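All heavy atoms count here, side chains included; hydrogens, waters and symmetry mates do not. Naming: A, B, ... by sequence-line order, numbering from 1 per chain. Because the structure is a prediction, the values reported are computed rather than measured.
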Amino acid sequence: MQHLIKSLVSDALDAALDAGELTLVERPEITIERPRELSHGDWATNVAMRAAKGAGMPPRQVAEVISARMTGHPDVAAVEIAGPGFINIRLSAAALQRVIVSAREQRADFGRSDLGGGKRAQVEFVSANPVGPMHVGHGRWAALGDSLARLLGHVGYRVEREFYVNDQGVQMDVFAESVAARYLELCDREVEFPESGYRGAYITDIAREILADEGESWADTSAAERESHFKEKAYAQVLAHLKHVLSGMGVEFDVWFSERTLHAPGADGGPSAIVRAIARLRETGYIFEEEGATWFRSTDFGDDKDRVLQKADGDYTYFAADIAYHWDKFEIRGFDLVIDIWGADHHGYVKRMEAAAAALGHPGKLELVIGQLVNLFRNGEVVRMSKRTGEMVTFEDLLDEVGPDAARYFFLRRSTDQALDFDIALAKEQSSDNPVYYVQYAHARICSILRKAAVQPDADDVAPLAAALVLADVDLALLGHDAELALFRKLAEFGEVVEIAATQRAPHKLTRYAEELAASFHQFYTVCHVIGDDPALTAARLAVVDATRIVLELVLALLGVSAPQRM
RNA sequence: GCGCCCUUAGCUCAGUGGAUAGAGCGUCCGGCUACGAACCGGGAGGUCGCAGGUUCGAAUCCUGCAGGGCGCACCA
């Protein structure tokens, strides 16, 4: 619809220019917007104000000339000039009613667009270190990345979800040493717990499992042998745990990418990805040697300082692996768009990573979304956590307590760059204070109406009922109540909201829309009785109800939240 | 010290350079003899942190300042 309105304005401007009613040096860009105020119509354009200066006429006079050529279209009920020179366009009831047909025909494809043009996009998110449980911030980024992937899919990208596993490096060694120390304790051996070891109780749990599986034999091997074996055992356990918890919130990754593969020789037995990526940068002249180390000249791309890739001792830095990882994303796998979601505590790495992507020859293909942190509250009081002792409320704890729907919805309700206060008590509350129930209630209420209309109170799925109840020749022209028209307008916004949310990488716009749509429905429900004596009106309103159900289910699906038919 | 994010109603937060800045919660008043009251209607409540600038028009863009969060390793 917005495209139609835009060309209507554009054509009117051209016609006025052709007729000599306006003369312009430069044709202004045509933009249309939805006015906040209903009395200002369905759409408005500021083109007259933008053109006024060049035309040498007052804005309202320019508006007169343009709007005179906009009437007569069957979708347009009125064109008015208002304020400093806005042209306000009011749609006809027929134009508004069409959204009901579209939604019911297109169903899960409603609001789909081709912004992505079939390009391949990768969303990499969570990527928690496989040495312990995830914190609630990881939960937020999981919800964010998954919903963003769903959104991108709806606007025409081919999307893959990826989890990068940092399974190499000193933290893995520390992890192994910690497990080994607890294991020895369990075997009643004298042992000093490593200074910087992980002190969480889960370490002991892992050690206990190994003990149960394999007995005490590892107590008498060399420390190196023991730790090397425990590292793999514990790593496998934690990885399985991560998958399990994420899956519990409905987040499934297409690829779990191991950092180790970047260090290992290539598939053809040739050099590793790290070696090849650095070679690539060397070719383009961004590598230099100094003080025995190999450096990347990231300052050429606006970074604060140059960065070490290979240390004087020969080891590669984490950053070197990260460059190789992104080299793989672009060069080997050929993604057109790569979105990495990082926690706010990594924002200091943004510039160097962007520099690396540019130096590899892929500027603009990498986007870094910074997710702010989560503060946990319970009944308004901060939940204190100690990293040192490992005492914390994990993502898993939270998920167990509030459930996947409330967790996802709350995680997604705030804009990404805003720190999130998560109140556990509120998320658990099954009341109107809790927005996720407000939206789900609207959906359940609709399903109840459809079951009642079909006289099938025990039906498990209302979709076939709705299809049978509302025939193709339903007369939507019967619908003109203010509450009905308001609901049509809200339904018609869906496609725009999806496009904006996807483009701005802002799933929180969907939660807002979901609440607005639910509110529009509840208002309609209050004043428009659906099932009544007039079969034609009943059929028409059942179509409205069904269209609303479809869009509510769809917006919740994009959020990854369930749409229950009863609650 | 440098960089990034934030500052909007009592609270938690929306707000693509547009018209009288919105929502939820809280508060006050009102609405169930028809489809789910987990709902709906109405009222009160704002110097959009402060000061300049750009613009026909600024919560939005630019500069400076103040306050809060996070980060500044040849760690990962």
Side-chain angles (χ1 to χ4, degrees), chain A residues 31 33-37 39-40 44 46 49-50 52-53 58-59 82-86 88 129 131 166 168-172 174 196 259 290-295 303-305 307-322 343-351 370 372-373 375 377 380 413-421 423 426 429-435 437-438 440-442 444-453 483 496 499-500 503-504 506 508-509 511-512 515-516 518-519 521-533 538 541-542 545 566-567:
Chain A
T31 56
E33 61 181 21
R34 284 189 180 274
R36 207 169 11 227
E37 191 84 22
S39 65
H40 294 151
N46 61 358
M49 278 130 70
R50 296 171 73 122
K53 210 172 196 175
F86 288 102
N88 294 335
N129 293 328
V131 296
N166 298 125
Q168 172 138 358
V170 296
Q171 62 181 357
M172 288 294 285
V174 172
S196 57
E259 182 187 349
E290 198 173 285
E291 296 173 18
T294 301
W295 298 69
D303 195 9
D304 301 336
K305 51 178 116 168
R307 307 292 173 176
V308 170
L309 299 185
Q310 188 172 21
K311 297 184 272 184
D313 66 7
D315 282 354
Y316 292 104
T317 60
Y318 175 84
F319 183 47
D322 230 359
D345 50 343
H346 285 76
H347 74 254
Y349 300 84
V350 168
K351 269 196 182 145
I370 300 303
Q372 294 295 320
L373 304 165
N375 305 309
F377 288 78
R413 205 158 173 252
R414 296 283 173 255
S415 66
T416 310
D417 48 18
Q418 187 90 239
L420 173 69
D421 289 343
D423 193 311
L426 176 62
E429 202 165 314
Q430 305 205 358
S431 78
S432 55
D433 292 357
N434 191 338
Y437 286 104
Y438 180 79
Q440 289 182 322
Y441 178 68
R445 206 179 204 189
I446 287 172
C447 294
S448 173
I449 296 170
L450 292 170
R451 285 191 299 265
K452 170 125 183 160
E496 300 153 39
E499 284 198 4
I500 290 170
T503 306
Q504 298 182 359
H508 78 275
K509 300 204 182 244
T511 62
R512 194 161 196 87
E515 287 164 45
E516 289 169 359
F521 172 74
H522 287 310
Q523 288 153 18
F524 156 81
Y525 174 89
T526 305
V527 293
C528 296
H529 200 76
V530 177
I531 303 168
D533 300 332
T538 297
R541 285 188 169 159
L542 284 171
V545 159
R566 300 174 207 271
M567 37 192 304

| task | Identify the nucleotide, in any strand shown, that forms a Watson-Crick or G-U wobble pair with B:rC72, with both distances under 3.5 Å; if there is none, say none. | result | B:rG1

| field | Results of side chain to side chain contact (heavy atoms under 4.5 Å, CB included) for A:Val170 - residues two or more places apart only | value | none

| task | With a 3.5 angstrom cut-off on both distances, give the Watson-Crick or G-U wobble partner of B:rU20, or none if there isn't one. | result | none

| query | A:Arg445 and A:His522: which non-hydrogen atoms are nearest, and at how many Å? | reply | NH1-ND1, 2.9 Å

| message | When you measure only distances, ignoring hydrogens and angles, does the side chain of A:Asn88 come within 3.5 Å of the base of B:rA19 through a donor and an acceptor? | response | yes

| query | Can you find a donor-acceptor pair, distance only, under 3.5 Å between A:Tyr316 side chain and B:rC75 base? | reply | no

| query | Is there a donor N/O on one and an acceptor N/O on the other, under 3.5 Å, for the side chain of A:Glu291 and the base of B:rC74? | reply | yes

| field | Side chain of A:Asn129 (C-beta onward), nearest among B:rC40, B:rC35, B:rA76 | value | B:rA76

| message | Please find the pair of heavy atoms, one from A:Phe521 and one from A:Ile446, that lie closest to each other, and give the distance. | response | CZ-CG1, 3.4 Å

| field | Pair partner, B:rA38 [Watson-Crick or wobble, under 3.5 Å] | value | none

| query | Counting only Watson-Crick or G-U wobble pairs whose two distances fall under 3.5 Å, which nucleotide matches B:rU47? | reply | none

| message | Using the C1' atom as the point on both nucleotides, what is the distance between B:rG42 and B:rU47, in whole Å? | response | 28 Å

| said: Could you tell me the Watson-Crick or G-U partner of B:rC61, where both distances fall under 3.5 Å? Say none if there is no partner. | reply: B:rG53

| query | Between the side-chain atoms of A:His347 and the base atoms of B:rC70, is any donor-acceptor pair under 3.5 Å? | reply | yes

| request: Go ahead and name the base partner of B:rC25; Watson-Crick or wobble counts if both distances stay under 3.5 Å, otherwise write none. | output: B:rG10

| said: Regarding B:rC35, can its base be found pairing with the side chain of A:His529 as donor and acceptor, where the two atoms are less than 3.5 Å apart? | reply: yes

| request: Using only heavy-atom distances, decide whether a donor-acceptor pair under 3.5 angstrom links the side-chain of A:Asp345 to the base of B:rG71. | output: no

| query | Mapping A:Gly169 and A:Ile446 onto RNA chain B by nearest heavy atom, which one lands closer to the 5' end? | reply | A:Ile446

| task | Can you check each nucleotide of nucleotides 8-14 of chain B against protein heavy atoms at under 4.0 Å and return B for base, S for sugar-phosphate only, - for none, in 5' to 3' order? | result | ----SSS

| Between B:rG43 and B:rA9, how far is it from one C1' atom to the other, in whole Å? | 15 Å

| query | Between A:Asn88 and A:Ala44, which heavy-atom pair has the shortest distance, and what is it? | reply | OD1-CB, 3.3 Å

| A:Lys305, nearest nucleotide to its side chain (from B:rG18, B:rC72, B:rC75) | B:rC72

| task | Go through the N and O atoms of the side chain of A:Tyr525 and the base of B:rA37, and report whether any donor-acceptor pair is under 3.5 Å. | result | no

| request: Check A:Ile370 against A:Ala344 and note the closest heavy-atom contact, atom names and distance. | output: CG2-CA, 3.6 Å

